[in-house]
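The structure appears right after this line, and notes come after that.
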Amino acid sequence: MTELVIGAGVMGLCVAAELSARGRAVTVIDREEGAGPHHCSWWAGGMLAPDCEGETAEEPVVRLGRAAADWWAAQGAQVTRAGTLVAALPRDRAELARFARRVPGETLDAEAFDALEPALAGRGLRGMFVADEAHLDPRAAITGLRARLAARGVTFERGEGRVGQIAGGRVIDCRGLAARDVLPDLRGVRGEMAVLRAPDIVLTRPVRLLHPRFPLYVVPRGDGIFMLGATQIESAGRGPATLRSVVELLSAAYALHPGFGEAELLEIGADARPAFPDNLPRIRRRGATIHVNGLFRHGFLLAPALARQLAGWLCDGNKPELCDEDHGEW
Amino acid sequence: MRLYGTELSSRLMLGTAQYPSPAILAEAFRRSGAGIATVSLRREAAGGDGGAFWDLVRDLGVRILPNTAGCHSAREAVTTARMAREMFGTPWIKLEVIGHADTLQPDPWGLVEAARELCADGFEVFPYTTEDLVLAERLLDAGCGVLMPWGAPIGTGLGLSNRHGLRSLRAQFPEVPMVVDAGLGLPSQAAEAMEMGFDAVLLNTAVARAGDPAAMAEGFAKAVEAGRLGYEADPMEPRDMAAPSTPLIGRAVLA
């Protein structure tokens, strides 16, 4: 039997990887050709930062996210394990105290802060270091995983792949927000991001700038490229980024390092993340369809664990922890 | 408490922004029993549709008070208010016209202008204002039936930063329902506002950004109730001399 996966975003690909690793034949159907801007994972930051996410996310995100860095590295992705620097401007130090109460990490004095990221030294920034975190380039990771799966015999087809239109057999629905047609409690949370080239600035790890109104993260992608993200707006709109959002992101980056003022603006992007009301992902079985969805802002962080749980269910019968609905059988 | 003829059982109003998730937002409302939810629609509407989130807010089963947060001119605020009326089917609007980007301080002139236009258009306006008496008078003249003076700038958690001003505002317009809006960080500050005779408080950040938003919401609800009871019970006046509550008869006076 061939396992049919709908959706070739990060969730669909991770499912395909886990199932094919267990010897299953897998076909992945997607509306579009190849990896690209039609998937919301294309716009992701690529931070594998379970501890930092724990500031606001529920416990399973922190626990399940710990496996992500190893999983991606095992898939051949280039994973940089350099931790996360959490920083605050002089007048926002109260934010840092708040963050430090919720996230385990090493609070840095001025000297240690400057030593960790010399590019940010000398301007009164303070911060903490969260060591056990990593980052990757999401586009390279997705493209690489796709090629690896194809080489392993996973087939990719283009098609609408609507649930119900595929006759017989089991379907694993990883369509993300597009699955709102059958998952009414799924909502969109819009994110806007920018990509800059600033060859004069060297950062070795993602930096999260805490701010009461305009929080920002900057993820270094190598070769002087930086990804800035990301807004979080309660909207399923996938249209172009607004000027206000971009101005806020760019101003925050400029405040973090004035050198970003000279950066080239390579890209501005926007998309909507699929999320359930508690912002935790879900696995749901309805008849012959299994939905894996709602990864919110934790696509690269949680897709490996979800895929592994799903494969464990299909292959060994272990019901996944994040399964909240089970109607049907195979 | 009656606001624009609507009877409300809770004197706590909560914003709906910045919560870790809509599920936690719903839990905060459940545990606090807050009777009004403010909703900002400007940014969500601009980006596409905030439909699913607004459905979640509607499902809270409380009265919705849309706001014009993020508007920097009377014109923008009026347009946003009209959009909100259509979207939420309510004449209620919390009117914010921001005059200063850094402190989010209201623009008194823009506020009065927008209030006048909206009241004439049938809106029931809840203006976010300062404790300024003259501005309050102008807003009432414009047709506002409720005032929402700030405790401190939005999101600061500083509490009541001008007690004298707030007290004098309360005393000046004893019949006007007033809601202390913005700047509260702790339940004790909400209790203080209620003890001063304000009718309700509205807050967002203090709850949404707490480590346990639902617990903080409940804490505020209790403080609001305690403060209101304290006000209604006609509190004693502070005095300089200690007054023992049991008579000293029978004991050596100079012992």
Closest non-hydrogen atom pair between A:Pro277 and B:Pro22, with its separation
O-CD, 2.9 Å
Give a yes or no answer on whether the side chain of A:Arg213 reaches the backbone of B:Asp102 with a donor-acceptor pair at less than 3.5 Å.
yes
Are the side chain of A:Arg98 and the backbone of B:Gly211 linked by a donor-acceptor contact shorter than 3.5 Å?
no
More than 12 heavy atoms of other groups within 6.0 Å of [X] [atom1]:
| X | atom1 | value |
| --- | --- | --- |
| B:Glu86 | CD | no |
| A:Tyr254 | OH | no |
| A:Asp132 | CG | no |

Taking only residues two or more places apart in sequence, or in another chain, which ones meet A:Glu32 in a salt bridge (Lys or Arg N to Asp or Glu O under 4.0 Å)?
none
Taking NZ, NE, NH1 and NH2 as the nitrogens, is one of them in A:Arg102 or B:Asp212 under 4.0 Å from a carboxylate oxygen of the other?
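Answer for the salt bridge query: no.
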Which bit of B:Ala208 comes within less than 4.5 Å of chain A, counting heavy atoms only: side chain, backbone, both or neither?
neither
Identify which of B:Leu56, B:Ile24, B:Leu104 forms the greatest number of heavy-atom pairs closer than 4.5 Å to chain A.
B:Leu104
Let me confirm one number: the OG-CZ distance from B:Ser21 to A:Phe296, rounded to the nearest 0.5 Å.
8.5 Å
Taking only distance into account, with no hydrogens and no angle test, what donor-acceptor pairs under 3.5 Å do side-chain atoms of residues 12-20 of chain B form with protein atoms, sequence neighbours excluded?
| from | atom 1 | to | atom 2 | distance (Å) |
| --- | --- | --- | --- | --- |
| B:Thr16 | OG1 | B:Thr38 | O | 2.8 |
| B:Gln18 | NE2 | B:Thr205 | OG1 | 3.4 |
| B:Tyr19 | OH | B:Gly15 | O | 3.3 |

